[in-house]
Number of protein chains: 2
Amino acid sequence: MSNTAVTAVTTTATLPLATPAPAYPTVAGADRRARQDIAGTLKLLGDVLAPKRRLVHAGDVLYQCGEQFGNLYIVNTGFFKIVSLSPDGREQVVGFKFRGDWLGFDGIANAQYTCDTVAMDTGEVWSVRYDALIRACADHPKLLTILHQAMSRVIAHDSDSLMALCTLPANARVADFLRFWAESLTHRGMRADQITLRMTRAEIGNYLGMTLETVSRALSTLARDKIIAFASKGRRDLSIPDLQALSAFIQRCLVPVPRAS
Amino acid sequence: MSNTAVTAVTTTATLPLATPAPAYPTVAGADRRARQDIAGTLKLLGDVLAPKRRLVHAGDVLYQCGEQFGNLYIVNTGFFKIVSLSPDGREQVVGFKFRGDWLGFDGIANAQYTCDTVAMDTGEVWSVRYDALIRACADHPKLLTILHQAMSRVIAHDSDSLMALCTLPANARVADFLRFWAESLTHRGMRADQITLRMTRAEIGNYLGMTLETVSRALSTLARDKIIAFASKGRRDLSIPDLQALSAFIQRCLVPVPRAS
DNA sequence: CGTTCGATTGAGGAAGATCAATTAATGTGG
DNA sequence: CCACATTAATTGATCTTCCTCAATCGAACG
């Protein structure tokens, strides 16, 4: 029920992709986001730019707020959180990133990064000098297309986040977070029915604008309703048997009174 | 009190600008955002691309969600709201745009726009074909820099919005909205002490994740505290005598208990 | 095996939403 | 130009959601 755009329904991107996109199964709740060919993008980047590969471990800081901008990063493996800090000390998780995501766009505007980026797991990022990337784009127009699509995707997703934050109650926001997560995994060709939350309830809550207790309660509710199931040991691993059901749950949150006759 | 970044304090952008930025006065609460030379940007665009100039009136829809992407727009004059629509009918104002702002970035990723853009006033936008712009960038590297800075600025601002939404109470959020507004005007070389809200309380509330009643109450509180003042007739025109006081108000909202001895 | 950190769950309170009434501004037709 | 209709804004009273505070439990780790 909660899928596709309002007017047009063409889901095939018409802009050129690095390589032909493989035929993904059309998942329930699939949105307007296009399939990105991450492997192709990484290959092109690797061939053209010889990016510096950097291994990171949980807790490593890739770059910090205020640091001079120079590199963009592409996540090959691993998992990152982006944290924004206000002058008065407030902390805000503004994103979670993984395979195929770009890091550092925020730094271009003012020649310094405006966020901290922290690894939450062992992984590998590729770093490219921004100026080198731009030079390379002259010879490889596809690179520029990829870059712009990546930036555009961030901008479009930020709008979606704002919508979720402003229009969904807490339970639905957590559900929507999981839904987006699962969809992202699918788009990247990873398993989406079995996911491991690499972040704490506090981090999820911060990102979603609620307390950790509310996140916990929402997850408990979802588990009670059989929308999700926690794996045997630990509550960081969960399975989503049916994405449709997850979307339905979100919709149900929006109509508090089920219109009892 | 609420200014500059955490670590580094260099506010001068090191990336090349279209033309030398004029020396703006350092306003209280000035943030990490760089000065943009809007006049210079518009001149360059006009010279290089001969953009199509389009006159709009209040209510005109510049482009719609789902429409095929092709153009980027730059606001010359006037005022726009960006509205995102969810499949189930929720509506979310995701931004307000004016002179110097770019429109349509969200459309690049998937070759279709993901938002509606609606004029709220008479104005003029310049439209450029995205592919033509990219071609022109080959000869005019400055153009690409300007484009990337504009996209980056959107991304950085989205983070700031998320932070405000998640960490500030309603009153402070409204105050922060006004502060950002005034700052934007200053950066564009316009008067910031006397501003006209071109949108309704409902639109502000939607954008800030609260009801119109809460917006109204927040503005009343700000007026009672002499942080703002409504112009003689109508409650759409207001003046901000002291931006410092506005920032201080936001801070005060964050420390509910003034630590009485 | 105890310590620590993260997660869960419950009880009470507060910020903001909802509902409702009133007032102010804007527009319209006579 | 005025009466009337319409839309936006204000303000108050109540109600709901979610936050805060607190206790308990489970897992991981030294």
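Reminder, nothing fancy here: chain letters follow the sequence lines and each chain counts from 1.
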Could you tell me whether the phosphate oxygens of [N], OP1 or OP2, come under 4.0 Å of any side-chain nitrogen or oxygen in [X]?
| X | N | value |
| --- | --- | --- |
| A:Thr200 | C:dG6 | no |
| B:Thr214 | C:dA17 | yes |
| B:Arg236 | D:dA9 | yes |
| B:Arg217 | D:dT10 | no |
| A:Ser216 | C:dT9 | no |

Distance in angstrom units between [X] [atom1] and [N] [atom2], rounded:
| X | N | atom1 | atom2 | value |
| --- | --- | --- | --- | --- |
| B:Arg235 | C:dT23 | CZ | P | 14 Å |
| A:Leu197 | C:dG6 | CG | P | 15 Å |
| A:Met210 | D:dT20 | CE | C1' | 16 Å |
| B:Glu213 | C:dC19 | CD | C1' | 9 Å |
| A:Arg198 | C:dG6 | CZ | P | 18 Å |
| B:Asp237 | C:dA24 | CG | P | 18 Å |
| B:Leu212 | D:dA8 | CG | P | 10 Å |
| B:Leu219 | D:dT10 | CG | C1' | 11 Å |

Ignoring hydrogens and geometry, is there a side-chain-to-backbone donor-acceptor pair from A:Gln92 to A:Asn206 under 3.5 Å?
yes
Under 3.5 Å donor-acceptor, A:Asp60 side chain and A:Ala119 backbone:
no
B:Asp176 with B:Arg179: basic N within carboxylate O range, under 4.0 Å
yes
I'd like to check B:Ile240 versus B:Trp181 (side-chain heavy atoms, cut-off strictly below 4.5 Å). Are they in contact?
no
For A:Tyr73 and A:Tyr63, I'd like to know if the aromatic rings sit close, meaning centre-to-centre distance below 6.0 Å.
yes
Minimum-distance nucleotide to A:Ser220 side chain [options: D:dA8, C:dT9, D:dT11]
C:dT9
Of the options D:dC18, D:dT10, C:dT8, whose atoms approach the side-chain atoms of A:Pro169 most closely?
D:dC18
Applying a 4.0 Å non-hydrogen cut-off, can you work out what A:Gly205 is touching in the nucleic acid: base, sugar-phosphate, or nothing?
nothing
